[in-house]
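Shown next, in structure tokens, is the structure this report addresses.
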Amino acid sequence: MPTRTADTTSNAAIESSPHALLPFLQSQSQNTLTRLYQRPSSCLSIFRLLASLERQIVMNLLWLESSIAVATMAAWVHRDHKKLYDSALAILSRLHILPNSAVKLGLNSTFKSSLRQAITGGGTSGSFGVPSQKDDRSSWPDVKTLDGYALERWETILHYMVSSGTGQQPTKPSQDVLYLLQRSQLMTNVRGSALQITSAGFQFLLHSPHAQLWDLLLEYLHMAEERRMDVVEVLSFLFMLSTMELGMEYSTENLSQTQQAMLVDLRDYGLVWQREPSSQRFSPTRLATTLTSSSPPLPTSTGTGAGAQVQGFIVLETNYRIYAYTDNPLQTAVLNLFVSLKYRFPNLVVGSITRESVKKALENGISAEQIISYLTTHAHPQMHKNVCLLHICISQH
Amino acid sequence: MDNASHLSVIVDLSPTQWHLSSQSDNTHPLSLKDFLSQLLAFLNMHIASKHENTLAVFGAFPGKSVMLYSSTDPLQHNRTIDANSYPPFRVVDYSVMQHIMEEIDALGEPEDEVPCALVGAVTKALCYINRISHPSTSSNPADNPAVLPDPRMLILSVSPDLSTSYIPIMNSIFSAQKLKVTIDVCKIYGPDTVFLQQAAHLTGGSYIYLERRDALLQYLIMSHLPPPSIRNVLSVPTQDRIDFRAACFCHKDIIDIGFVCSVCLSIFCKPVPVCTTCRTKFPMKTLQRLNASRPPQTLTPVNGSTVANGSAIGTPRSAGTPMAASLR
């Protein structure tokens, strides 16, 4: 008799924290959300951001013409997991996908018809992006160019953050990016001089690229509200990007004024690639097309730096000596936050975690947990035994 | 984030059975065309659920089985992109339909239709699952064994049981158990199939006999879309009665009472002097006793009684017990 997936692991999967965007969506008015739900691509992307149980509830109700009694649906729920089910319903009702009702369960009709349309295709909404006509003069950009561009843009931002205040002069990202970093309090302006990274910024650096991307985009959304840009248009453009195909070129003709303006910003973040600023066409990069998934948003094939990022490159010995197989300046700079570096070779950096280096990190606002989680997520495949690491970090407190 | 899951769908595409299914004298006629449109919606929903979800579709045609689509090596067609549909959905729909059309066009005359190669398709699906869940280090070193898709298989069956395929089906069930693959079965048309019921039961999947064929999509979504982790919360229907009967090795008939070789556990419908599988000779005395204890041929045996083919009983039981008798 084969056993099902162990209960503990499945529960952990279900109870994992919701996506960062969902609280933002929940804070929006019903009117805004209904307008957002008119586009099939937005519905599909939001659907993907939901947890698996919520997705299944939506699926169960999607093709029903009339609403069903609450009791009928509840009859399917396993008694031990009633709580999970109730919280899933609560989240759906806060998103106005499933109106809260004590008697009947039925999906929001706008959401229902758009998601149906997304799944069956058809319609005339054009919400998945209008591809540009292929002409003979210029070929489509290949995936490698796009990956390279996305990586270069993104690392420029991060590298600028990490090396601010160290006296180095890395390439500056554009003014808009700097403004965004400042607004989100990842960096701050110290006494009118150059921008300085804050403790929130240090914590930000240790997040996964996916979380970093969403942190910035959320900040962008808040900023868009202040700039009186239409949130619905901003969101639906982001969602449209996330459903686009990598390596394709799309036409800008069908974009609204707001979305045209967004193109410029997103180009700075590396989400969108354009041949030239005035081009009538744009291509999403991997950063954009993986927005609603959990696959690595940064390319894995280009260069040893990015490849190592996915695979894990850090070997930590029990004497707190650290060997990082990387030649990526960004990763080296991030490591420098809490490691005192000793030697640098091509493709190898050697350092050690000392009392002083960890103290320095703690003063910068990086917590011990963050260091440990960074080390474990980037640990070399051959290394899975850093239990004793916890000891030193706690002793520092 | 919750894990991605893999789904292999096996579609039984027997032209005869689908023709019978679309006849209007059924309570709920379902033509192949309607079925395929509902199936495609279901496949799209599986991909829609998560970006990393993987999908493979296999078709069982008369005498051959074909892979219709797989998300790891998708068919590179002309990549025309339509602004109104999500590109991956279009690729699935196009690829599945294209392959089915090709195969159906290539079919011979209806008179010489051979049975559907369902087992072939199941075996191909198992091989495919094995390949993606054990990626060789050379092909993709970035694959982390911790994020393996948790594999499932869904068999959409319309053909009746093919008793000659008993042994290969059981073998596939055992390998599915070993790979921890859950097999779901949806019986769309025709009588219950004993072997697929056992397949679903033994691998922890669900077996659905479609009572209302017009609600096929809803059945599929409610009981076959959720991955195992969700099934702990929202339960899916399981069978309360399972037919455990086996097929004998000599005539490939499904039997109520059988005789099991005590050495190699082969099943026979009547006592034999020598086991055809392992060549063991049985004592004459046992044979006579077993023959004497068999119920008269005219009398129909109790329906649904099971053969305990796995429990090798050391000594022959007393006469008249409706149990498997050992041949030694």
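Throughout, a chain's letter reflects where its sequence line sits, starting with A, and its residues are numbered from 1. The structure presented is a predicted model; accordingly, all values stated were derived computationally and were not measured.
The side-chain contact (heavy atoms from CB on, under 4.5 Å) test applied to A:Ser256 returns A:Glu233, A:Thr258, A:Gln259, not counting sequence neighbours.
Looking at A:Thr289, only its backbone comes within 4.5 Å of chain B, counting heavy atoms on both sides. Proximity to chain A (any heavy atom under 4.5 Å) is shown, for B:Leu225, by both the backbone and the side chain. For a residue to count as touching a neighbouring chain, one of its non-hydrogen atoms must lie under 4.5 Å from one of that chain's; by this rule A:Thr243 touches chain B with backbone and side chain alike.
Here the CZ atom belonging to A:Arg55 is positioned 11.5 Å from the CE atom belonging to B:Met45, to the nearest 0.5 angstrom. In this structure, A:Leu62 CG and B:Gln218 CD are separated by 8.5 Å, a value rounded to the nearest 0.5 Å. Between A:His81 atom NE2 and B:Leu234 atom CG the span is 10.0 Å, to the nearest 0.5 Å. Going from atom CG of A:Leu44 over to atom NE2 of B:His51 covers 10.0 Å, rounded to the nearest 0.5 Å. For the atom pair OG1 of A:Thr120 and CZ of B:Phe89, the computed distance is 9.5 Å after rounding to the nearest 0.5 Å. Remark: B:Leu220 CG to A:Met59 CE distance equals 12.0 Å, nearest 0.5 Å.
Minimum heavy-atom separation, B:Ile47 to A:Arg48: O-NH2, 3.0 Å.
Annotation: side-chain hydrogen bond (donor to acceptor under 3.5 Å, both in side chains) contacts involving residues 59-71 of chain A, sequence neighbours excluded, comprise A:Gln56-A:Asn60, A:Glu65-A:Arg116.
Listed options B:Ala48, B:Ala215, B:Pro227 were ranked by heavy-atom pairs under 4.5 angstrom with chain A; first place goes to B:Ala48. The residue among A:Leu115, A:Leu64, A:Val58, A:Asp80 with the most heavy atom pairs within less than 4.5 Å of chain B is A:Leu64. Between chain B and the residues A:Trp76, A:Phe47, A:Tyr85, the most heavy-atom pairs under 4.5 angstrom are made by A:Trp76.
Looking at B:Ser235, its side chain never comes within 3.5 Å of a backbone N or O of A:Val77 through a donor-acceptor pair.
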